[in-house]
Amino acid sequence: MNSLTVAALLLVFLGLAYQQGWSLSRRLATPEGRLHSRPAYHGSLVAIWTVAPALLILALWALFGNTASRAFIIANLPAELADQPASVIEPAIQRVRQIASGFGVAGDVQPYETAAGQALRQFQVIMSATVLAAAAAFAALSLYFARRRVALRLQARNEVERLVGYLLLACSAVAVLTTLGIVLSLVFEAARFFTFVSPADFFFGTVWNPRFSTTGAGSGQYGLLPLLWGTVMVAAIAMFVALPIGLMTAIYLSQYARPRVRNFVKPVIEILAGIPTIVYGFFALVTVGPFLASAGAAVGIDIRATSALTAGIVMGIMIIPFISSLSDDILRQVPRAMIDGSIGLGATRSETIKRVVLPAALPGIVGAFLLAVSRAIGETMIVVLAAGNSPFLRANPGEPISTVTVTIVNQLTGDQDFASPQSLVAFALGLTLFVMTLFLNMAALYIVRRFREQYE
Amino acid sequence: MTHNQETDTAAMNMSTSQFIEDQVTGSSRQLNEMKTRVTARDVNVFYGAKQALFDVSVNVPDKSVIAFIGPSGCGKSTFLRCLNRMNDTIEGCRVEGEIRLDGQDVYDPKIDVVELRARVGMVFQKPNPFPKSIFENVAYGPKIHGLASNKTDLEEIVVTSLKKASLFEEVKDRLHEPGTGLSGGQQQRLCIARAIAVSPEVILMDEPCSALDPIATAKIEELIDELRANFTIAIVTHSMQQAARVSQRTAFFHLGVLVEEGPTEQIFTAPSDKRTQDYVTGRFG
Amino acid sequence: MTDTFSKTTDVPQETEARLERIRTGLAKRHAREKRFRLYGVLAIAAALAFVAILFAMILSKGLPAFQQASLSLPVTFSEELIEVDPKPVREAGQSAADFQAASLRWQRDVTLINWNRVLENAVRTIAPDVEIETRDLQSIIDNGERFKLRDAFVADPSILGRAIQMDVLASADVDNWLKGNINRDLPDAQQQLSADARALADRLYEEGHIRMAFAWHIFTNTDSRSAPASAGLAGAFMGSLYMMLVVIVLAVPIGVASAIYLEEFAPKNRLTDLIEVNINNLAAVPSIVFGLLGAAVFINYFRLPLSAPIVGGLVLTLMTLPTIIIATRSALRAVPPSLRQAALGLGASKTQTVFHHVLPVTYPGILTATIIGVAQALGETAPLLLIGMNAFVAAVPGSPFEQSTALPVQIFLWQGNENRNFFEARTSAAIIVLLALMISLNAIAIFLRSRLERRR
């Protein structure tokens, strides 16, 4: 009985129930008594009520069937085998399953294996028959009741629509649940981390040296400050690159450029926004880093190929389209009348932009800036590849640094035990990152929203 | 009303254009005793391929108010915006013909539009104060043009301009509060003060009262009448009553054509063109 | 600005003085205007230059990798070297498992044959006069190519004793050498290949036995550590494909449903506000935080398999959900209210109005939203690292539950390979494939969008 057949059967049931509700309601309709809802709604309602319980039973079986059959196999194995560790018992279970499926196993078959296999086979047959019968019975029963409900005055359409409404609401809840899941998992795992390391040592520590879990738990130092410093430095360099270029691009495109120039330049710059960050990381590592290093050498400054500067500049390039398209949107919302007012007084274009347009758009641009900063501190792949992964408090941007995001990746991708502080610290770092970006986003969204309302 | 309709009717109007020409020259004879500030000759305006104005010729006399009236889309605002070249900011807009300010061709490529607009100020349909304080709004023009030598100078210009715009009494205690916080009528007077602050010779007003309530409108109209002593004013208006109240001369536009121009009283009491008569008596518009 | 209003006209004295003041500042103001414009042009030029440099770098590095050195050899399957039992056939009464075991045993025997010797002999037949040590000779052929011979024999054992012309990949070092990726003047000690091997490679290249052939295996092979020259993207591609399927199946319906709920049905109350703020924030949460969510919830709590595309797909679904919701909402918002009023006015219910009249109009918008979301998910790397998708996987995953990697993660893994000379190009080639996929996704979207819009 494979899942395809079950699905086909369900569809047949669905169609049958729909047809039942449809034809039943049609027969009820007389010239004197009109149906409240069209037959299609009666059909849908009957179909939903018929299939939903059966689906529920099948879903439960899909979730727990495996656990049940596993428990059954273990119960049928000799007692001395059942007590063995997982490395012995798992292959044994696998063998029993293969015998039951008729595929057979390589090597000699033990009598208890054959017995367990046959028992499992019977169990499977009985169970799937039971489940299917239960599902079918429930479907039939609910079909019966659903049919009985069909009546002239039954508000089938309203009921179907209410069910659809609940479904839509449930879908919107997914996003809320995601946030909840993020907050809970970060807080919960971070709390576990703080049982190893005190929050004060974490938030105010100046040394980052977590060691490895094999050298003993809790022996490392988990100071957040070097990572935070690296994050802030890279983000600052990125904004230093992205803000002037992005903002001037937006100003030119929104205030000066002819439509034809605009229609060419805007999408080309937005290509930058669509490029995956791993590609930027590679670009930083292979092109920008060596270029900066040799440029630095040419003027006598020591710049490392992987450094805060490399990562920051490339991140800035990545953020240009972000700033330029957000600012462009905002600058274009400044009312034309205001610009005309300034031009009409004899101001030049640039005077108008500097003295009227930018002040008017300032809140929106600040919002865009904050969103860009939030994006810069949360960016991972560029810094993983190009920042050098060196968690020390250093002021020189030509030196390698490490960031919060890099460290999250490092701590969770090794072969560390998940319950060790070395792994759990990633969640404390994640929580820090989440809170930082949350504040930036909230502030930015609030400011931008206020700005939009002002000109709407 | 679209430009399309205007082009469709263009041919129909061709025969009458000669007639209008005569009218304009005829009426300009009566102007002899008045000095002319702005003269327009055979102005044609195109938006892309569509023509919005056809051979408009008009004289704007010094220290008086001229009103441009006509149904919406007739080209009156377009013509007004030609006078200080605000149409330059519109993509695809082309102006032909000759407009002279004190004898100087406004569309001469050697002319600096910045200087032109400092001489020909403008007030717009919707009050559009800048998101700055009341003081800064008025000081904006003098500042960008460098008209004030020092702070006291600037303050004097601001106060005088606000006084001329009859706004000073209402706002003297809150000069440093945002101009956007004023009422609609006050905002519009602030915009007038802002235009006055540059001491232009000509002020163009593009339906300055269309967004205001009757009381605010009355105040602006009163103000316009006062300003006539020092400025040459051209006003576009939708309301014939307003034109009758504030202007000395009136020009009637229809479908991109200047139908008739003359002393306001004559236009409203004894128009020589059938279309003008239909419009002022409310047959269309 | 030389000529201004002439003074011959009758301008009053005071006006003249005022104009004089204005004129004195004009030159400076116009210069400032020009400078400001220039900044704008420069900013745009910089942004466009970044796009150009990025693409030039990736294309120049990556395109040569699609041509790879390959040897054409007359391979003799000689009976002296290939000594194995005949291929087993399934006998009557033999269980499937036993036959499988026998086949595997035979294949293992076949694998143990010294295929390298077979290859060596083949090279010696085309260059009979060259004296070269076996080790050096073998270093010119990719390590994995002997399995090509094995596979040919397993597929058709009758080739025993015959000579067959076969194409095998030259080793990565030979590829580097012939493409000039390695400085030819370096001393022997710094060369990957011995002097003899280099001479042999040069000679075979000149004689045409080695030629540059299109590297189809980049698309058909999986990743390989022992045989870098034959490493390909097939596994990563399938991994990404499965994840995108998960994203499309889950994120699009859920996202569209939530957008419909929020835009059309949700009452204006605090809860709706909360959902809205929450979705906007979720859209700006750093992607790595979603990786942490996946690691804590899907891997650690629900015990879903590590490195599986299903988990990656789930994480990416949650990540792209806000994007799809926001884009779909703006598409719904763009539908004129008159359409809704018209439908409602004819007596359609709210649900009917939305699903029959409003939603069909927004199909192009939803399509664009989907593509934006999927493209974003396709290029995402950081969260996948945290759920173990950076594991080395040498097989094409057969289902979303099997171990796999993904295209961007493969790029990450390849850029870190020790054989920089070879893998820099290979990484760029992988980037080209990834970008090409994203561009074609967008092209399809534009095409479908224009068709959908024309139909209306």
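Bear in mind the structure is a predicted one, so any value in this text is a computation, not a measurement. Quick note on labels: first sequence line is chain A, next is B, and so on, each numbered from 1.
Put simply, the side chain of L385(A) reaches to within 4.5 Å of the side chain of F412(C), judged on heavy atoms. In this structure, M442(A) and V277(C) have side chains that are in contact, with non-hydrogen atoms separated by less than 4.5 Å.
For I271(A), the part lying under 4.5 angstrom from a heavy atom of chain C is the side chain only. With a 4.5 Å cut-off on non-hydrogen atoms, V384(A) touches chain C through its side chain but not through its backbone. Proximity to chain C is limited to the side chain of Y280(A), based on heavy atoms less than 4.5 angstrom apart. Y41(A) touches chain C through its side chain: at least one heavy atom from C-beta onward sits under 4.5 Å away, while N, CA, C and O do not. Neither the backbone nor the side chain of L184(A) comes within less than 4.5 Å of any heavy atom in chain C. R375(A) does not touch chain C: none of its heavy atoms, backbone or side chain, sits under 4.5 Å away. Heavy-atom distances place the side chain of E189(A), and not its backbone, under 4.5 Å from chain C. No part of L429(A) comes within reach of chain C, as not one of its non-hydrogen atoms sits under 4.5 angstrom from that chain. In this structure, no portion of R162(A) lies under 4.5 Å from any heavy atom of chain C. Heavy atoms of I408(A) lying under 4.5 Å from chain C belong to its backbone as well as its side chain.
Scanning residues 284-292 of chain C against chain A with a 4.5 Å non-hydrogen threshold yields A284(C), V285(C), P286(C), I288(C), V289(C), F290(C), L292(C), sorted by number. Close approach to chain C, defined as a heavy atom under 4.5 Å from one of its heavy atoms, is seen in L169(A), C171(A), S172(A), V174(A), A175(A), V176(A) of residues 169-177 of chain A, taken by number.
Contact tally against chain A (heavy-atom pairs below 4.5 Å) for I44(C), I53(C), I260(C): the top residue is I44(C). Put simply, of L438(A), V288(A), I317(A), the one with the most heavy-atom pairs under 4.5 Å next to chain C is I317(A). In terms of heavy-atom pairs under 4.5 Å with chain C, the best-connected choice from T437(A), L440(A), V261(A), L431(A) is T437(A). Per-residue heavy-atom pair counts under 4.5 Å with chain C were compared for V409(A), L371(A), V286(A), and the maximum is reached by V286(A).
A distance of 7.5 Å separates CD1 in I182(A) from CG in L318(C), rounded to the nearest 0.5 Å.
No more than 12 heavy atoms of other residues, nucleotides or ligands shown are found within 6.0 angstrom of CZ on R38(A).
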